[in-house]
Amino acid sequence: MISLETVAGIVTFVIFIILVISLSYFLSFLEKFAFFSNENPVSRILQIIKISTDDMSWKEYFLSILLINFLVVIISGIILVASLNPGYYITPSLLFNTISSFITNTDLEHFASELMFKPYGEAFALQFMEWIAAATGLSVAISFIRSMTYGKIGNFLLDVLSSLILVLLPLSLFLSIFYMAMGVPQTFSSFFNTAEPAGPISSLLPIMTLGNNGGSYYMLGSAITFQNPNIFTNFVQALSMLIFPFSLFWLFGLNLKNKKEGLSLLIASLFIFMLMSIIVLFEHQTLFPFRIGDFSTKILTLASIFSNTGLVSAPLFGLSSHALTVYIIAMAIAMSPGSIGTGFINIEVYTILTIFFISLMAGRMPEYLYFKLNIKEIKLSSLAFLLHPLLIYIGILFMPFILPGSLFPHIGNNFTQALWEIISSTENNGSDFYGTLGNFAALNYLTGILMILGRYIFLMLALLIANEFITKKKGASSSKIRTDTFAFSISLVIFIFLLVIITLLPLLVLGPMANW
């Protein structure tokens, strides 16, 4: 017999999904105004102060990303070193890992943030990088959509400022007020009416969740009462992590003036999310008590891992081998819904590859949105898909040589933890088992390099694919495969599972599946 708690959990999850889809739909109109409207106030201000908003080539756009991100890293690194608490020292390897982590939207933490840095270091260094990382991912996704709908890449400075000022900032201010009303601290004092360290948490939480950053003020994330005091803050944090990734599917359809195109991608992403969620939601966990309830904790963890945010409200050690398998696959799929910006780009990569293989089997010329797909788009999409699996296998090969004896990746639990660390770094997720145990030079450098390569090579490939659409002319064809149907959504889901599971199966067998 189904318990009352289970029924309540199912109802909560259904309401949660409805709210995610509804809020992401309304958010897409704000994004359309911010990025595709002639009334953009940011554009007008830049023009008044004589800063160019002219369209860039893909190279100029990518170099602008690297330049702005690099400047932010330099400024943040100086502030971090200056904000160390007395008695703490940050090694070069940990500093490299930390700035690599936060600027790439990963936020892997091999340190106890609440103890190591003063509150102003959190606010003006770590949070600063989180804002820029989120805006960068969103901007590249916008440029990708713009290339297919308006035939241009856009201007990165305009896009990143529009992301920050018109989209992320207003929502973050609203959420900050909500969190303060719920009792979440917002202070630059080291303590808040208790011996538990506190800081500017209410201002951190919105960008941490909306921007799919996950870099928490506390090493234990939202398992700490100050950061996540009740089921309402838990619910809002989970919602915040999903609305931006899903909104881009709606925005895509709006700009194409064919909502079905965006809806077919959303259905595929949502189908994978819900299908894999069922396994986790009804998996019985007994290793750790859930402070805010079983289903509430699982919903936040689901939203976090599937959006590659990496924020958790319970220790990962409490997950079963089945749940670990699901979450590792979800991190690797990276489009259900994936992180802000990159989730949308990933599903477009999968879409191009799916169209190519279906067209081969049907004996048709591959076309997408009336663009004929040639060998260059297929190669670039294949590289974009293979990039992360390649980095994961390279990373896991190094792990036996750098992990100490207690963490050596033996088959089973230890291999699962090592695999999670590598996938989380490569896919810019940021959750991990090691915590401060991972703070040694070899692992800091390895994961830092994986985070940088997994982020910036992928963004470069995305811009290269977008550039190919700019150079093409649309041509109507009666033989093209329709991509705005439910049948295509299901085909896309099947193809994604085949691609990801085939590439990851050997690692899954040595890791979580060894404990089934």
Side-chain angles (χ1 to χ4, degrees), residues 21-43 53-56 58 61 135-156 158-163 166-168 171 243-270 335 337-352 355 367-373 377 381 459 462-476 480 482-485 488-489 492:
I21 300 307
S22 303
L23 291 173
S24 63
Y25 175 72
F26 291 115
L27 178 57
S28 67
F29 288 96
L30 175 61
E31 291 169 329
K32 187 169 177 61
F33 167 75
F35 300 109
F36 299 99
S37 169
N38 294 326
E39 305 300 319
N40 186 334
V42 175
S43 177
T53 58
D54 293 343
D55 293 328
M56 296 178 171
W58 79 267
Y61 201 97
T136 297
L138 181 57
S139 297
V140 176
I142 294 300
S143 72
F144 201 97
I145 293 173
R146 191 183 287 122
S147 70
M148 290 187 284
T149 53
Y150 296 100
K152 55 186 179 180
I153 293 286
N155 182 291
F156 178 68
L158 175 59
D159 285 344
V160 78
L161 288 177
S162 297
S163 298
L166 301 180
V167 182
L168 290 169
L171 294 176
I243 57 173
F244 266 103
F246 277 118
S247 71
L248 292 174
F249 301 136
W250 292 114
L251 181 65
F252 184 54
L254 284 174
N255 278 282
L256 288 173
K257 298 180 180 178
N258 180 3
K259 291 183 180 180
K260 290 182 179 179
E261 286 287 356
L263 191 59
S264 69
L265 300 182
L266 186 145
I267 289 171
S269 179
L270 187 63
M335 49 63 64
S339 184
I340 183 170
T342 55
F344 175 80
I345 296 167
N346 268 307
I347 201 169
E348 285 293 342
V349 167
Y350 287 124
T351 298
I352 291 170
I355 291 170
E367 296 181 29
Y368 182 38
L369 304 176
Y370 296 105
F371 291 109
K372 284 184 167 56
L373 299 176
E377 289 94 72
S381 298
L459 294 182
L463 290 170
L464 279 167
I465 296 170
N467 186 62
E468 290 303 307
F469 284 108
I470 291 174
T471 60
K472 291 179 178 293
K473 291 183 179 180
K474 289 186 178 182
K480 85 177 191 76
R482 289 191 61 184
T483 54
D484 59 354
T485 64
F488 180 78
S489 299
L492 182 58

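As a basis for the values below, the full set of heavy atoms in this structure was taken, side chains included, without hydrogen atoms, waters or symmetry mates.
The side-chain heavy atoms of Ile465 and Ile345, taken from C-beta on, include no pair separated by under 4.5 Å. Side chains of Leu373 and Glu367 form no contact here, defined as non-hydrogen atoms less than 4.5 Å apart. Side-chain contact between Val349 and Met335 is absent, with no heavy atoms from C-beta onward closer than 4.5 Å. When side chains are defined from C-beta on, Phe488 does not count as touching Lys260, because their heavy atoms never get closer than 4.5 Å. Side chains of Leu369 and Phe252 form a contact here, defined as non-hydrogen atoms less than 4.5 Å apart. Taking the side chain as every heavy atom from C-beta outward, Leu30 and Leu27 approach each other to under 4.5 Å. Under the 4.5 Å side-chain criterion, counting only non-hydrogen atoms from C-beta, Phe371 is not in contact with Glu468. Two residues are said to be in side-chain contact when any heavy atoms from C-beta on lie closer than 4.5 Å; Leu248 and Ile142 meet this criterion.
For Ser24, the side chain to side chain donor-acceptor pair (under 3.5 Å) partners are Trp250, not counting sequence neighbours. Partners of Ser37 according to the side-chain contact (heavy atoms from CB on, under 4.5 Å) rule, which considers only residues two or more places apart in sequence or in another chain, are Phe33, Glu39. Under the side-chain contact (heavy atoms from CB on, under 4.5 Å) criterion, Ser147 pairs with Ala466, Phe469, Ile470, not counting sequence neighbours.
In this structure, Leu138 CG and Phe244 CZ are separated by 6.5 Å, a value rounded to the nearest 0.5 Å. We find the CZ-CG distance between Phe144 and Leu459 to be 11.5 Å, quoted to the nearest 0.5 Å. Ser489 contributes atom OG, which lies 9.0 Å from atom CG of Asp484 (distance to the nearest 0.5 angstrom). In this structure, OG in Ser247 is found 7.5 Å from CD1 in Ile340, a value given to the nearest 0.5 Å. Atoms CG and CD1, on Leu270 and Ile21 in that order, are 4.5 Å from each other to the nearest 0.5 Å. Here Phe36 contributes atom CZ and Leu251 contributes atom CG; the two are 5.0 Å apart, rounded to the nearest 0.5 Å.
Ring geometry for Tyr61 against Phe156 counts as perpendicular: the plane angle is over 60°, on a 0 to 90° scale with 30° as the lower cut.
Looking at Ser269, its side chain never comes within 3.5 Å of a backbone N or O of Leu265 through a donor-acceptor pair. Checked by atom type and distance alone, the side chain of Ser264 never pairs as donor or acceptor with a backbone atom of Thr485 at under 3.5 Å. Not one N or O on the side chain of Lys152 forms a donor-acceptor pair closer than 3.5 Å with the backbone of Arg146. No side-chain donor-acceptor contact under 3.5 Å links Asn467 to the backbone of Leu463. Distance alone, capped at 3.5 Å, places no donor-acceptor pair between the Asn155 side chain and the Met56 backbone.
The two residues Val160 and Thr136 come nearest to each other via the heavy atoms CG2-N, 4.3 Å. Counting all heavy atoms, side chain and backbone alike, Lys32 lies closest to Asn255 at NZ-OD1, 3.3 Å. Between Val42 and Asn40, the closest heavy-atom pair is N-OD1, 2.8 Å. Across all non-hydrogen atoms, the minimal contact from Pro245 to Ser339 is CG-C, 4.1 Å. Lys372 approaches Lys472 most closely through the heavy-atom pair O-NZ, 2.8 Å.
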**Message:** Working note: Ile145 + Leu256, criterion side-chain contact (heavy atoms from CB on, under 4.5 Å); need CA distance, chi angles, decisive distance, verdict.
**Reply:** CA-CA 9 Å; Ile145 293 173; Leu256 288 173; over 6 Å; no

**Prompt:** So Ser28 and Phe249, side-chain contact (heavy atoms from CB on, under 4.5 Å) or not? Walk me through it.
**Reply:** CA-CA 8 Å; Ser28 67; Phe249 301 136; over 6 Å; no

**Asked** Hey, mind stepping through Leu492 and Ile267 against side-chain contact (heavy atoms from CB on, under 4.5 Å) and telling me if it holds?
**Response** CA-CA 10 Å; Leu492 182 58; Ile267 289 171; over 6 Å; no

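Ser143 and Asp159 share no donor-acceptor pair across their side chains, judged by distance under 3.5 Å alone.
The neighbour count for Tyr150 OH, taken as heavy atoms of other residues, nucleotides or ligands under 6.0 Å away, is above 12.
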